[in-house]
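Since the structure comes first, as structure tokens, the remarks are kept for the end.
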Amino acid sequence: MRRVGTVVRTAGGLAIARAETGEAPPRIGSAVVDESLSTVGRVVDVFGPVDRPYVAVTPGGGVGLAALVGGKLYAR
């Protein structure tokens, strides 16, 4: 597992995470889990500056987006 980043906001039904400096962004389609290893969703886009991009995650069924804000996400 590797760290995706911290969820900074939600927009258009997506969770937007900011990657950490020096971390390679996950591949589009990668499964995403939270700190308790519960499945959150999948990566649908990587955008923004190369050194610290944003990662858009589409949530899986039953995942509350508002609860993800401020939390750390990880890619499987």
Side chain to side chain donor-acceptor pair (under 3.5 Å) involving R18 - partner list, sequence neighbours excluded
Y54
Output the distance between atom [atom1] ([X]) and atom [atom2] ([Y]), rounded to the nearest 0.5 Å.
{"X": "D34", "Y": "T39", "atom1": "CG", "atom2": "OG1", "result": "8.5 Å"}
{"X": "L37", "Y": "M1", "atom1": "CG", "atom2": "CE", "result": "4.5 Å"}
{"X": "S30", "Y": "Y74", "atom1": "OG", "atom2": "OH", "result": "15.5 Å"}
{"X": "R52", "Y": "E20", "atom1": "CZ", "atom2": "CD", "result": "5.5 Å"}

Going by heavy atoms in the side chains, are [X] and [Y] under 4.5 Å from each other?
{"X": "D45", "Y": "V55", "answer": "no"}
{"X": "V44", "Y": "L14", "answer": "yes"}
{"X": "I16", "Y": "F47", "answer": "yes"}

Looking only at non-hydrogen atoms, find the nearest pair between V46 and P53 and report the distance.
CG1-CB, 3.9 Å
Taking all heavy atoms of P26 and all of V4, pick out the closest pair and write down the distance.
CG-CG2, 4.0 Å
Please check this pair: side chain of R76 against backbone of A31, looking for a donor-acceptor N/O pair closer than 3.5 Å.
no
Using atom types as modelled and distance alone, determine if a side-chain donor or acceptor of R27 lies under 3.5 Å from a backbone N or O of V43.
no
Is it true that atom CZ of R9 has more than 12 heavy atoms of other residues, nucleotides or ligands lying nearer than 6.0 Å?
no
With side chain to side chain contact (heavy atoms under 4.5 Å, CB included) as the criterion, how do V69 and V8 come out once you've worked through the C-alpha distance, each side chain's angles and the decisive distance to 0.1 Å?
CA-CA 6 Å; V69 175; V8 292; over 6 Å; no
Group every Ile, Leu, Val, Met, Phe, Trp and Tyr by side-chain heavy-atom contacts under 4.5 Å, then state whether V33 and L68 land in the same group.
no
